[in-house]
Amino acid sequence: MYRTVKLLERWFGLENIGMVLVRGVKEKGDIVENAALREAFELGMSVE
């Protein structure tokens, strides 16, 4: 997956300023009840 992210960054000319990794999120719906979803959203909103 890391190589895919790097490829997309180069293709779209993006700068990677970090990743949010959450343990235990493997299947569809796993993130719904996880507090990390809200934390990731707030982090994204704080990026200028």
Side-chain angles (χ1 to χ4, degrees):
M1 182 167 154
Y2 178 79
R3 293 172 69 184
T4 302
V5 170
K6 287 303 199 184
L7 176 67
L8 291 171
E9 287 172 6
R10 285 193 307 270
W11 180 264
F12 290 107
L14 302 173
E15 177 187 1
N16 184 348
I17 59 171
M19 293 182 167
V20 176
L21 304 174
V22 180
R23 289 180 182 237
V25 177
K26 296 179 183 176
E27 302 294 328
K28 183 177 179 179
D30 286 350
I31 192 70
V32 174
E33 298 297 324
N34 196 310
L37 179 62
R38 183 70 183 160
E39 293 171 18
F41 175 80
E42 291 172 3
L43 177 63
M45 294 300 293
S46 71
V47 175
E48 294 183 13

Other than Ile17, which residues form its hydrophobic cluster under the rule that side-chain heavy atoms must be closer than 4.5 Å?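 Noted: Ile17 shares its cluster with Val47.
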Members besides Val32 in its Ile/Leu/Val/Met/Phe/Trp/Tyr cluster (side-chain heavy atoms under 4.5 Å):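 Once heavy-atom contacts under 4.5 Å are chained together, Val32 still belongs with nothing else.
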Residue pairs involving residues 5-16 (criterion side chain to side chain donor-acceptor pair (under 3.5 Å); sequence neighbours excluded):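 For residues 5-16, and leaving out neighbouring residues, the side chain to side chain donor-acceptor pair (under 3.5 Å) pairs sorted by first residue read Lys6-Glu9, Glu9-Asn16.
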Contact list for residues 23-34, test side chain to side chain donor-acceptor pair (under 3.5 Å), sequence neighbours left out: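 Residue pairs passing side chain to side chain donor-acceptor pair (under 3.5 Å), neighbours aside: none found.
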Could you list the donor-acceptor pairs under 3.5 angstrom formed by side chains in residues 38-46, with sequence neighbours left out?
unit_1 : atom_1 : unit_2 : atom_2 : d
Arg38  : NE     : Glu42  : OE2    : 3.2
Ser46  : OG     : Leu43  : O      : 2.7

Establish whether Val5 and Leu7 are linked, either directly or via other cluster members, by ILVMFWY side-chain heavy-atom contacts under 4.5 Å.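 No, no single cluster joins them.
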Only counting residues at least two apart or in another chain, list the ones meeting side chain to side chain contact (heavy atoms under 4.5 Å, CB included) with Leu37.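 Here the qualifying residues are Ile31.
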